[in-house]
Amino acid sequence: MTTSYKDLLKQREALEQQINEARRSELSSAVAQVRSLVAEYGLTAQDVFPAGKSAGKGTRSSTAGTKVAPKYRNPATGETWTGRGKAPKWIQNESREKFVI
């Protein structure tokens, strides 16, 4: 016997309600446990969540991803290069001094 679409929607609604209730209950238990540990060991927010550290990310310098002014310019095309990363073809095997901006 197949279940109708409306019956399935009702079941989903009931399950979602049970899921939300279970989550609220477990969250309340988890928060109580964390508060107990913080009080027991005298921890501060700084101890638990140190500033400048992102969860799950590697360490990066504060300047990572910032724009850098170009240091070299191709006089033929006006194309520029910062001097970081792989050198463009127009400067490879050349003296970089003649391309300095």
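Within 6.0 Å of the CD atom in Glu13, the count of heavy atoms belonging to other residues, nucleotides or ligands does not exceed 12. Within a 6.0 Å sphere centred on CD of Glu21, heavy atoms belonging to other residues, nucleotides or ligands number more than 12.
Between Val68 and Arg84 there is a side-chain heavy-atom pair separated by less than 4.5 Å. Annotation: side chain of Tyr72 is not in contact with side chain of Thr80 (no heavy-atom distance under 4.5 Å). Between Arg96 and Trp81, some side-chain heavy-atom pair lies under the 4.5 Å cut-off. Counting heavy atoms from C-beta outward, Glu40 and Leu37 have side chains that approach closer than 4.5 Å.
A donor-acceptor pair under 3.5 Å is formed between the side chain of Gln92 and the backbone N or O of Ala87.
Between Phe99 and Trp90, the gap from one ring centroid to the other is short of 6.0 Å.
A chain of hydrophobic side-chain contacts below 4.5 Å, direct or via other Ile, Leu, Val, Met, Phe, Trp or Tyr residues, connects Val34 to Phe49. Hydrophobic clustering keeps Val38 apart from Val31 (ILVMFWY residues linked when any side-chain heavy atoms are closer than 4.5 Å, directly or through intermediates).
The line from NZ of Lys98 to CD1 of Ile91 is 9.5 Å long, rounded to the nearest 0.5 Å. Atom NZ in Lys10 sits 7.5 Å away from atom OG in Ser4 (nearest 0.5 Å). Interatomic distance, Lys86 NZ to Lys89 NZ, rounded to the nearest 0.5 Å: 7.5 Å. Atom OG1 of Thr3 and atom CG of Leu9 lie 11.5 Å apart (nearest 0.5 Å).
A pairwise comparison of heavy atoms in Ile101 and Pro70 identifies CD1-O, 3.7 Å as the closest pair. Taking each heavy atom of Leu43 and Asp47 in turn, the nearest pair found is CA-OD2, 3.5 Å.
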* To do: Take Gln11 and Leu8 through the side-chain contact (heavy atoms from CB on, under 4.5 Å) test and state the conclusion after the steps.
  => CA-CA 5 Å; Gln11 287 176 8; Leu8 290 172; 3.8 Å; yes
